[in-house]
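Per chain, numbering begins at 1; letters A, B, ... match sequence-line order.
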2 protein chains.
Amino acid sequence: MSSAKRGRATNTAQTAGPEHATPNAPPHAGRAEHAVKVELTAVLVAVAGGEPRVMTLDEGRALPSGPFELAHRSLQAGLRDWVEQQTHHPLGYVEQLYTFADKDRTGFAGPDRSGGESEARTISISYLGLTREREPSEGGWRSWYDYFPWEDHRAGAPAVIGKVIAPRLHEWAQAEKGPKRAERLERARVTFALDGHAWNDELALQRYELLYEAGLVAESCRSGAKPGEVLPGEALAGRAMFADHRRILATGIARLRAKIKYRPVVFELMPPTFTLLQLQRCVEALAGRAVHKQNFRRLVEQQELVEETGATTSEAVGRPAKLFRFRHGVVAERAVAGTKVPLTRT
Amino acid sequence: MSSAKRGRATNTAQTAGPEHATPNAPPHAGRAEHAVKVELTAVLVAVAGGEPRVMTLDEGRALPSGPFELAHRSLQAGLRDWVEQQTHHPLGYVEQLYTFADKDRTGFAGPDRSGGESEARTISISYLGLTREREPSEGGWRSWYDYFPWEDHRAGAPAVIGKVIAPRLHEWAQAEKGPKRAERLERARVTFALDGHAWNDELALQRYELLYEAGLVAESCRSGAKPGEVLPGEALAGRAMFADHRRILATGIARLRAKIKYRPVVFELMPPTFTLLQLQRCVEALAGRAVHKQNFRRLVEQQELVEETGATTSEAVGRPAKLFRFRHGVVAERAVAGTKVPLTRT
DNA sequence: GGATATATGCTCAATGTGAGTATAGTTATG
DNA sequence: CATAACTATACTCACATTGAGCATATATCC
């Protein structure tokens, strides 16, 4: 066996053959490959002013992104390059979200959608990044509830769900019949907590996808809108984004909401010292729901994730609060173990 | 603005310009892109004979995989094509795992690693698939514990951990000093449950990565082995695989072990009817640890995921067991809610 | 000096969970 | 056919977790 036949990268062998007995030959070696474009996209999150913020470009219509290039050492390195170049904001904690390649979601054909002749495939690899805002109002940061107004349940369920979303999803379900109708109704009930179902903050992506399918967000009518579907009312839709960036944002929100419940990642979003209420507000901003104050403290303290600095603060009215900092040793341990969050039942 | 400028796919615009004010222009439009190869890889899992099996090719050295092609409608569709073509096994439940692109992990240069001049980038998108084995001993299926012998704790911690892994990881840690040594020791303790730490079955990937870094698996010495690292002893290593397929497999195992604890996916692996013990054995095979029998039944029943068929079976000795089937309605609901698994403390 | 607001400590009930005991219904074997 | 061996299934118990609420402490504001 020639050494040329086992190049370093997968699939470099150019000839098909019966050499399957070689220890390391990929089973499909020799087939022709097709190149596609690879796009890196970042959901960069910070919390400031009690709001969960996401870094955007182009007047809030796009997430930081750029093509994966040969010069990049790795996917993450490529992403860091793009984000730092586009936003001048350094990237801290980063984790991969999802890789999308749906044909009809990447495009953004409007009423005048141009022909699809040069149908190049684009694969979009998305990442979640966590950081702190540096200057008070650095450009580009927007509350993610601008894009998903129905996701903020900190002061109870938003009116838009009962007044607009529920009835229109109901119409959408009625457009089907039999088991398909029942299925649509059930999806709507579970994801939007209708008819007594409990609100599940981690279903942010499923909710967006449901609205997309039902034709209730602006992105629906770009290319995938089926005839007969309800068309979007701007009041409902929340802010739209370029291509499938809002879907990627929803994926990031869902992932982060799930993650804060079992891994101590809130730290990445907090200043060096903070009060327990600030920490709670941060969690509430992300989860989009209220947290039981006393139980939150109990949890944080019993997990030994924080320690007192000795100092106190009295920036607002009321009894001054102790300042805490994270215990980096414990945080590192727990990065692999568990952390939880106590919610309020109502 | 010309319609040519807003093609359907992301980044088709070829000229840079000041048109940032257009509603949908990607912020980096106009930059040159670089093509890379995209590889789809499947971790296809079944449970048979009380063992968790994974579908392999090439004498167990590779996972089913193939390049993403223009003809594929989507990433999943491409994956299904490849798997069905290579294994003749239909694919049921599928979920995306991770997208890898590390330069020094995709290759497999042995002692005679060929030059890296044509350094094409390969991105590898991996998926987890769940099915049932069809015929008794269809080719290609192997126990995943052949690849990760240290992961099977159903009959207690495997001897290899105490006898081989722990001492060699200790040596590896001693090669560093100061905080780095402490860090290595702590990683070893937490992931391999040394010094009284509890075994966490979901850390399969972290364990493999640790062994890889420590030079204790065969894959370590292909390209990334640093001088001064311990070299692999074959007894320890478990079965090796082509390129980074074993890492992908570890990712799949970790994901599946986490998933069965909160989502009813075991169903995909079970025959239409089964006894509760069979269901338990399936979960145990996946989790790699023993489950408390009575509590397992309590959990399964209280979650109303199964219903009696009315029939009983008496294939082995002992009191005949009732046969159950999954309640597909509830399963569909819970696909979004929760399911849990009671473990045994020891 | 209230009124008001936040901080913080403590109790309680309901539920979840790991574990053990007891009993029932089979097959294998002498 | 009695008994051993084994699996199925029911029930109990101790303890940890968790959602909720009450009580008290210490500030600011008017």
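The residue among B:Arg298 and A:Pro320 whose nearest nucleotide of DNA chain D lies closer to the 5′ end is B:Arg298.
Checking D:dT18, D:dA8, C:dT27 against every side-chain atom of B:Ala321, the shortest atom distance belongs to D:dA8.
Distance alone, capped at 3.5 Å, is enough to place a donor-acceptor pair between the B:Arg53 side chain and the B:Ala48 backbone. Checked by atom type and distance alone, the side chain of A:Arg325 never pairs as donor or acceptor with a backbone atom of A:Thr273 at under 3.5 Å.
A rotation axis mapping the C1' atoms of four pairs onto the next four is fitted at both ends of the helix from C:dG1-D:dC30 to C:dG30-D:dC1 over five pairs, and the angle between these axes is 0° to 10 degrees.
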Could you check A:Tyr147 against A:Arg142 for side-chain contact (heavy atoms from CB on, under 4.5 Å), going step by step and ending with a plain yes or no?
-> CA-CA 9 Å; A:Tyr147 301 94; A:Arg142 291 179 185 254; 3.2 Å; yes
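No N or O donor and acceptor, one from the side chain of A:Arg319 and one from the base of D:dA27, sit under 3.5 Å apart. With hydrogens and angles left out, the side chain of B:Gln294 and the base of C:dT21 share a donor-acceptor pair within 3.5 Å.
The separation between A:Leu323 atom CG and C:dT6 atom C1' is 14 Å, rounded to whole Å. Between the C1' atom of C:dC10 and the CD atom of A:Gln302 lies a distance of 15 Å, rounded to the nearest Å. Rounded to a whole Å, the CZ atom of B:Phe324 is 11 Å from the P atom of D:dA8. One atom, CD of B:Gln303, and another, P of C:dG16, lie 10 Å apart when rounded to the nearest Å. If you measure from atom CD of A:Glu308 to atom C1' of C:dG9, you get 13 Å, rounded to the nearest angstrom. Put simply, NE2 on B:His292 is 10 Å from P on C:dT21, counting in whole angstrom units. Spacing between atom CG of A:Asn295 and atom C1' of D:dA16 amounts to 14 Å, rounded to whole angstrom units. Here D:dG19 presents its P atom at 17 Å from CZ of A:Arg297, a figure rounded to the nearest Å.
With values rounded to the nearest 0.5 angstrom, B:Tyr98 atom OH is found 12.0 Å from B:Ile248 atom CD1. Between the CH2 atom in B:Trp144 and the CG atom in B:Asp146 there is a gap of 12.5 Å [rounded to 0.5 Å].
Remark: B:Arg257 is not positioned above the aromatic ring of B:Trp199, lacking an NZ or CZ atom under 6.0 angstrom from the ring centre and at most 45 degrees off the axis.
Checking the phosphate oxygens (OP1, OP2) of D:dT7, no side-chain nitrogen or oxygen of B:Lys293 falls inside 4.0 Å.
Between B:Arg154 and B:Glu51 a salt bridge is recorded (basic side-chain N to carboxylate O distance below 4.0 Å).
B:Leu277 comes within contact range of the sugar-phosphate backbone alone, with a heavy-atom separation under 4.0 Å but no base atom that close.
Between A:Ala254 and A:Leu205, the shortest heavy-atom distance links the atoms CB-N, 4.1 Å.
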Quick one: which protein N/O atoms are closer than 3.5 Å to N/O atoms of nucleotides 1-4 of chain D? Pair and distance per line, please.
none

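Using cut-offs of 30° and 60° on the angle between ring planes, the pair B:Trp141 and B:His89 is perpendicular.
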